[in-house]
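Below: one structure, written as structure tokens.
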Amino acid sequence: MPELPEVETIVRGLARAVSGRRIAEVRVEMAGSVVNDLPGDFAETLRGERIESVTRRAKFVVMRLGSGRALTVHLRMTGRLIVEAQPQEDAYSRLRLRFEDGGWLRFSDVRRFGRVRLTADGAWAAGLGPEPLDPAFTPEALRGLLEGRRTPIKSLLLDQSRLAGVGNIYACEALYLAGIHPKRRAGGLSKARVERLHAALIRVLGRAIRMRGSSIDDYVDAEGLRGGFQNTLAVYGREGLSCRRCHAPIKRVTLAQRGTFYCPRCQR
DNA sequence: CTGAGATCCTGGGGGC
DNA sequence: TGCCCCCAGGATCTCA
């Protein structure tokens with residue numbers, strides 16, 4: 001479900017809502033959804049901790065705890081983190097936290113791919129490529145990532161160990177914006193094309209964050225609000241519809257087992 | 001190391 | 001209505 005802009009939106013909401021609050025009660029409602037890297041029981045270990053900060057790394061939500069430990073969440077496809085005054089009925093609820101001064105945080109996940117992990121230092125969110133919105137991510141940095149790679153550029157953009165945070169929607173959208181065909185070999189892109197892709201990634205991610213993410217199916221942020229970027233998508237989910245720029249019908253192919261949308265005229 | 005494919009799950013939508 | 005198949009915002013593991 002969520003990619004960088006959605007996770008960023010959730011994190012901003014969570015940072016406002018739960019920073020500085022102490023966990024009074026932990027309810028594990030599906031054991032398989034939580035992982036404990038620390039000795040002892042998950043709920044016991046987490047209870048009493050204060051959430052110091054909430055930040056994002058790639059698609060991970062990282063909550064730093066008072067002890068220095070970290071509670072890290074990956075939402076995968078259908079995970080949600082919802083802040084609420086009272087615990088809501090939810091058949092897909094996996095974990096609930098109650099705060100000392102009232103209010104709850106609920107982790108819910110229909111497809112059960114998501115994970116909440118308690119670690120000594122948040123190391124779960126490691127081994128990732130650079131953040132595309134970090135100033136250190138320059139066109140030259142992107143060129144370095146692509147160099148010598150024979151894989152299609154779309155596949156490389158989805159590889160979190162190369163570039164962190166981009167998922168299927170924004171990979172498709174960025175390639176459209178840059179006018180690059182998703183199947184082009186990553187290492188074969190000209191310098192000018194790499195520069196266009198770099199600019200497109202930053203523009204599309206920034207715009208999506210400003211619109212609070214894309215709610216294509218059921219994504220909502222920590223406050224339960226839908227995003228707005230789905231209305232602006234140029235290619236993702238628009239198979240057969242006309243390109244907003246040239247009016248050619250948008251095509252869909254499968255690449256690395258993922259639906260891939262592009263304009264056959266604008267993207268070469 | 002690289003790249004391709006299967007796999008983990010559940011639910012929604014379309015075709016018949 | 002019901003059934004079957006395909007599809008889904010992700011990452012990880014195995015295999016060649």
Side-chain angles (χ1 to χ4, degrees), chain A residues 1-11 29-35 56-61 72-81 90-94 107-117 123-129 132 145-176 182-188 201 204-205 207-209 211-221 226-240 251-261:
Chain A
M1 165 173 78
E3 305 182 27
L4 189 156
E6 290 76 29
V7 178
E8 179 65 27
T9 304
I10 290 167
V11 161
E29 299 185 312
M30 205 192 85
S33 292
V34 301
V35 179
R56 179 188 63 75
R57 171 71 173 115
K59 300 171 196 170
F60 291 86
V61 177
T72 308
V73 182
H74 200 300
L75 301 163
R76 290 284 189 105
M77 301 284 257
T78 52
R80 291 180 176 197
L81 283 168
D90 176 1
Y92 307 108
S93 176
R94 308 301 181 203
F107 171 62
S108 173
D109 186 13
V110 171
R111 284 174 75 181
R112 302 200 224 163
F113 289 164
R115 290 289 180 272
V116 179
R117 193 166 192 137
W124 187 25
L128 297 160
L145 294 179
L146 307 189
E147 200 179 354
R149 305 300 307 278
R150 302 181 62 77
T151 197
I153 182 61
K154 162 87 180 323
S155 303
L156 189 137
L157 292 177
L158 296 179
D159 182 348
Q160 301 297 297
S161 70
R162 298 276 164 183
L163 184 66
V166 176
N168 207 26
I169 295 177
Y170 300 106
C172 290
E173 293 296 309
L175 287 169
Y176 170 80
K183 285 191 177 173
R184 270 198 180 262
R185 286 194 191 289
L201 282 165
V204 79
L205 293 171
R207 212 186 277 163
I209 290 173
M211 300 189 75
R212 308 178 55 84
S214 300
S215 292
I216 286 170
D217 192 5
D218 57 356
Y219 158 76
V220 290
D221 69 12
R226 285 169 60 80
F229 197 71
Q230 66 278 6
N231 306 315
T232 320
L233 295 173
V235 287
Y236 186 85
R238 297 192 70 241
E239 182 184 13
K251 281 193 142 180
R252 179 190 183 281
V253 293
T254 299
L255 209 166
Q257 349 259 94
R258 314 298 301 279
T260 300
F261 301 87

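Values below: all heavy atoms of this structure, side chains included; hydrogens, waters and symmetry mates excluded. Residue numbers start from 1 in every chain, and the chains themselves are labelled A, B, ... in the order their sequence lines are given, proteins ahead of strands. All values reported here derive from a predicted model rather than from experimental measurement.
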Do A:F113 and the base of C:dG10 stack face to face, with centres under 5.5 Å apart and an angle between planes under 30°? yes

What contact category does [X] fall into here, base, sugar-phosphate, or nothing, at under 4.0 angstrom with non-hydrogen atoms?
X: A:Y92; answer: sugar-phosphate
X: A:R162; answer: sugar-phosphate
X: A:Q257; answer: base
X: A:R115; answer: nothing
X: A:G259; answer: sugar-phosphate

Writing each nucleotide of DNA chain C 5' to 3' as (, ), [, ], | or . by Watson-Crick or G-U pairing under 3.5 Å yields .|||||||.|||||||

Donor-acceptor check, side chain of [X] to backbone of [Y], threshold 3.5 angstrom: yes or no?
X: A:E239; Y: A:F261; value: no
X: A:R80; Y: A:S108; value: no
X: A:E6; Y: A:R212; value: no

Heavy-atom pair with the smallest gap, counting every atom of [X] and [Y]:
X: A:P2; Y: A:M77; answer: CD-O, 4.0 Å
X: A:K59; Y: A:L4; answer: CG-N, 4.2 Å
X: A:F107; Y: A:S33; answer: CE2-CB, 4.2 Å

Does C:dA11 have OP1 or OP2 sitting under 4.0 Å from an N or O in the side chain of A:R258?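 Negative; the distance criterion is not met.
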
Would you say C:dG10 has OP1 or OP2 under 4.0 Å from some side-chain N or O of A:H74? no

Within this structure, what is the [atom1]-to-[atom2] distance between [X] and [N], rounded to whole angstrom?
X: A:L255; N: C:dA8; atom1: CG; atom2: C1'; answer: 17 Å
X: A:L163; N: C:dA11; atom1: CG; atom2: P; answer: 12 Å
X: A:I10; N: C:dG10; atom1: CD1; atom2: P; answer: 13 Å
X: A:N168; N: C:dA11; atom1: CG; atom2: P; answer: 11 Å

Using a strict cut-off of less than 4.0 Å between a Lys/Arg side-chain nitrogen and an Asp/Glu carboxylate oxygen, indicate whether A:R56 and A:E8 qualify as a salt bridge.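 So A:R56 pairs with A:E8 through a salt bridge.
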
Between the side chains of A:D109 and A:T78, is a donor N or O closer than 3.5 angstrom to an acceptor N or O? yes

Ring center gap for A:F229 and A:Y219 short of 6.0 angstrom: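 Not under 6.0 Å, so no.
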
Using the heavy-atom set of chain A and a strict 4.0 Å cut-off, write down the first and last nucleotide of DNA chain B that makes it in, 5' to 3'. B:dT2 to B:dG11

If we take the P atom in both B:dC9 and C:dT14, what is their distance in whole Å? 16 Å

Establish whether the base of C:dA8 is bridged to the side chain of A:R111 by a donor-acceptor pair shorter than 3.5 Å.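 Between C:dA8 and A:R111, which were checked side chain against base, a qualifying N/O pair under 3.5 Å is present.
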
